[in-house]
Amino acid sequence: MICKKSVYRKSICKIMISAICVSLFSAVAMAEETASAASNTPIAVFPLTTKSPEARRLVEEALDLYLDKVEQEEANNILRKAVQVDPDFAMGHEFLAQISLDSAEQVVEQQKAFSSRSHATNSEQLVIEWYQDAADHKLISAIPKMNDVVNQYPHDKWVVWMTTWWLFQQSQFERASAIYENSGITDSPGLINNMGYNYAALRQFDKAFAMMDKYVALLPNDSNPQDSYAEILRMAGRFNQSIEHYRASLVINPEFYSSEFGIADTYSLMGDQVQARKEYEVGFKKFTLPELQQILWKTREAATYVREGDYDGAEHAFQSIADYAHTRHNSQAEADTYRQMAMCEQNPKQALVYLDKAEAAAQEGQNALKIALTQEMAQILRARVEVALKMGNKQMANSTLSRLSDMSESSNDKVSELAYHGAAGEVLFSERKYDEAISHLEEDNSNPFSLKLLAAAYQKIGYSAGAKRTNDTLTNLNDPTLEQALVVPAFRKCSDTPSSCTTNTKSASLKK
């Protein structure tokens with residue numbers, strides 16, 4: 001468990017972000033050189049400014065629980081106590097904003113951190129302003145602040161955690177790896193855990209498994225190392241071993257709910273949807289989950305119906321989730337659920353109805369950070385492009401793509417940019433402009449829809465090595481997401497049994 005090239009445009013802002021990120025790693029390398037040249041110099045420690053020693057003690061305890069023990073709910077409870085003891089403890093509010101499992105609390109605590117930052121040091125203010133800029137979708141100004149912080153404290157555990165975790169969430173896996181590797185930190189179980197996931201996201205499974213071996217050795221009596229090992233084994237397609245590790249986690253701590261749901265996720269990926277739903281229901285009956293976790297695993301349970309082709313069952317399950325999110329005033333979750341309903345819908349006109357509901361929920365914007373809503377809107381627009389292409393409505397596809405292009409340029413975050421590239425690749429592929437489509441689809445190389453089109457585009461231009469490589473990547477994609485459910489099982493079946501192929505799937509699959 002882990003705690004939480006364009007034909008259509010040329011983005012100067014993208015170039016700026018790349019330059020800033022190069023600057024970031026130059027700064028990290030300079031800091032490392034300086035540390036090596038002056039090995040006797042004490043390592044700079046990130047400050048935590050508070051008028052209360054008790055509040056500071058509570059925050060340090062919470063951070064250890066969160067990062068190294070992954071006891072997120074207990075860590076949140078302790079952070080709440082800390083900011084009650086000292087309401088002006090700016091970093092206390094910031095840490096709570098970052099790790100809370102309550103979307104409304106995330107918003108409120110970020111506001112409190114920003115408003116109380118005058119009580120903190122310059123370094124703490126940099127962190128708070130970095131997170132605030134990121135929350136406001138101002139990544140051009142956020143990145144240099146992160147740069148400054150990691151330059152000042154390249155070996156501080158909390159700074160390395162903050163920067164690598166933020167970069168992981170932005171899908172900047174190589175950059176996160178560089179910061180961790182430059183830090184020289186080898187004894188933090190939490191960072192070892194996080195980097196195991198980071199290497200797995202890069203599909204560097206040998207490195208990921210090595211990290212998991214270290215993690216288990218450091219905490220042999222804790223559940224989370226077994227849980228994390230199980231998830232990474234599942235990502236690598238080693239399902240039976242994955243379930244063994246999940247069960248080992250539950251033996252250590254029967255209340256470690258992510259392992260129970262991890263078993264359900266794994267059965268779903270293995271193709272046993274009936275057993276998967278049984279396991280999900282065991283978890284829902286046994287545990288009272290935080291709101292965001294409830295929505296997460298209800299969504300994955302809904303995807304089991306998609307995997308077995310029961311779209312009526314999926315619609316009913318997703319609608320229940322959307323209604324729940326609405327009653328909880330969680331606009332981003334409601335919008336995301338309607339977007340997923342549109343992705344499953346066989347009737348394009350009904351899919352547009354769901355996308356209208358998704359946009360309305362996103363625009364309502366209750367209890368969600370601006371960045372989450374902006375990224376959600378980008379995903380909604382991408383789905384609109386796909387529906388428009390299914391309808392043969394090129395005008396709608398192009399006008400929607402134009403909106404998405406403008407959003408990607410103005411927001412300059414990785415999620416929105418990838419949504420644009422995926423949608424642009426789909427439009428170009430539909431126009432048989434395969435070389436141009438490839439330049440976009442290669443940017444969005446973790447999305448099953450883009451990978452399927454990329455394999456087909458490579459095949460169209462006669463690049464058999466690229467098509468085979470992409471085919472293998474897609475076939476071995478084992479994430480329990482709706483996108484995976486909609487694409488990968490059919491793609492695998494087509495590869496193994498060509499007579500089962502639809503036209504679109506057959507054009508991408510190479511195995512004869």
Side-chain angles (χ1 to χ4, degrees), residues 3-4 45-139 141-143 145-146 148-150 152-153 156-170 190 290-293 329-332 365-373:
C3 297
K4 231 194 95 261
V45 177
F46 184 74
L48 294 174
T49 303
T50 173
K51 62 191 177 186
S52 167
E54 175 64 9
R56 180 188 177 93
R57 184 193 67 77
L58 288 169
V59 164
E60 290 174 343
E61 179 185 352
L63 292 177
D64 283 329
L65 280 173
Y66 169 73
L67 182 59
D68 288 337
K69 301 287 188 179
V70 198
E71 295 183 16
Q72 195 163 357
E73 291 180 78
E74 181 59 24
N76 284 325
N77 289 334
I78 294 172
L79 286 173
R80 293 181 190 114
K81 292 178 184 177
V83 295
Q84 286 177 350
V85 172
D86 182 3
D88 294 326
F89 193 173
M91 281 304 301
H93 289 296
E94 188 60 67
F95 286 131
L96 184 53
Q98 295 308 313
I99 74 171
S100 173
L101 292 169
D102 183 310
S103 59
E105 184 175 50
Q106 291 170 0
V107 174
V108 170
E109 290 300 318
Q110 183 60 47
Q111 292 169 346
K112 288 181 178 179
F114 190 73
S115 64
S116 61
R117 71 191 188 284
S118 62
H119 298 279
T121 63
N122 289 339
S123 297
E124 293 167 284
Q125 289 181 37
L126 267 178
V127 169
I128 292 165
E129 289 167 8
W130 150 34
Y131 278 125
Q132 185 65 51
D133 285 346
D136 291 338
H137 233 212
K138 299 175 181 176
L139 296 193
S141 57
I143 290 172
K145 289 166 184 169
M146 180 184 70
D148 288 345
V149 174
V150 79
Q152 291 178 47
Y153 306 99
D156 182 273
K157 180 169 78 168
W158 304 122
V159 169
V160 173
W161 160 63
M162 286 187 285
T163 53
T164 55
W165 177 233
W166 188 77
L167 288 166
F168 180 89
Q169 292 175 303
Q170 301 298 314
E291 176 183 311
L292 296 180
Q293 303 291 72
H329 306 289
N330 190 326
S331 294
Q332 190 269 330
Q366 295 187 77
N367 296 324
L369 296 172
K370 182 179 178 181
I371 188 170
L373 293 167

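Both backbone and side-chain heavy atoms feed into the values below; hydrogens, waters and symmetry mates do not.
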Heavy-atom pair with the smallest gap, counting every atom of [X] and [Y]:
{"X": "Ala134", "Y": "Ala142", "result": "N-CB, 4.0 Å"}
{"X": "Ala82", "Y": "Val59", "result": "CB-CG2, 3.7 Å"}
{"X": "Gln332", "Y": "Ala372", "result": "CG-O, 3.9 Å"}
{"X": "Leu58", "Y": "Ile78", "result": "O-CG2, 3.1 Å"}
{"X": "Gly365", "Y": "Leu373", "result": "CA-CD1, 3.5 Å"}

Residue list, salt bridge (charged side-chain N to carboxylate O under 4.0 Å, His left out) with Glu124, at least two apart or on another chain
none
Roughly how far apart are [X] [atom1] and [Y] [atom2], rounded to 0.5 Å?
{"X": "Leu79", "Y": "Met91", "atom1": "CG", "atom2": "CE", "result": "10.5 Å"}
{"X": "Tyr131", "Y": "Met146", "atom1": "OH", "atom2": "CE", "result": "9.5 Å"}
{"X": "Gln111", "Y": "Leu369", "atom1": "CD", "atom2": "CG", "result": "9.0 Å"}
{"X": "Leu96", "Y": "Gln106", "atom1": "CG", "atom2": "CD", "result": "9.0 Å"}
{"X": "Asp102", "Y": "Leu292", "atom1": "CG", "atom2": "CG", "result": "7.0 Å"}
{"X": "Leu63", "Y": "Lys69", "atom1": "CG", "atom2": "NZ", "result": "14.5 Å"}

With a 4.5 Å heavy-atom cut-off, do [X] and [Y] have their side chains touching?
{"X": "Leu48", "Y": "Phe95", "result": "yes"}
{"X": "Val159", "Y": "Val127", "result": "no"}
{"X": "Asn367", "Y": "Val107", "result": "no"}
{"X": "Lys157", "Y": "Asp64", "result": "yes"}
{"X": "Lys112", "Y": "Phe114", "result": "no"}
{"X": "Glu291", "Y": "Asn330", "result": "yes"}
{"X": "Trp130", "Y": "Asp148", "result": "no"}
{"X": "Trp166", "Y": "Gln98", "result": "no"}

Salt bridge or not for Glu105 and Arg80, using N-O below 4.0 Å?
yes
Exam field: side chain [X] to backbone [Y], donor-acceptor pair closer than 3.5 Å:
{"X": "Thr49", "Y": "Ala120", "answer": "no"}
{"X": "Asp68", "Y": "Gly190", "answer": "yes"}
{"X": "Ser103", "Y": "Ala368", "answer": "no"}
{"X": "His93", "Y": "Pro87", "answer": "yes"}

Residue set satisfying side-chain contact (heavy atoms from CB on, under 4.5 Å) with Ser52, at least two apart, ordered chain then number -> Thr50, Glu54, Ala55, Val85, Asp86
Without hydrogens or angle criteria, can the side chains of Glu109 and Ser100 be said to hold a donor-acceptor pair below 3.5 Å?
no
Ile371 and Gln169: CA distance, side-chain angles, deciding distance, side chain to side chain contact (heavy atoms under 4.5 Å, CB included) verdict
CA-CA 12 Å; Ile371 188 170; Gln169 292 175 303; over 6 Å; no
Not counting sequence neighbours, which residues clear ring-ring contact (aromatic ring centres under 6.0 Å, His included) with Phe46? List them please.
Tyr153
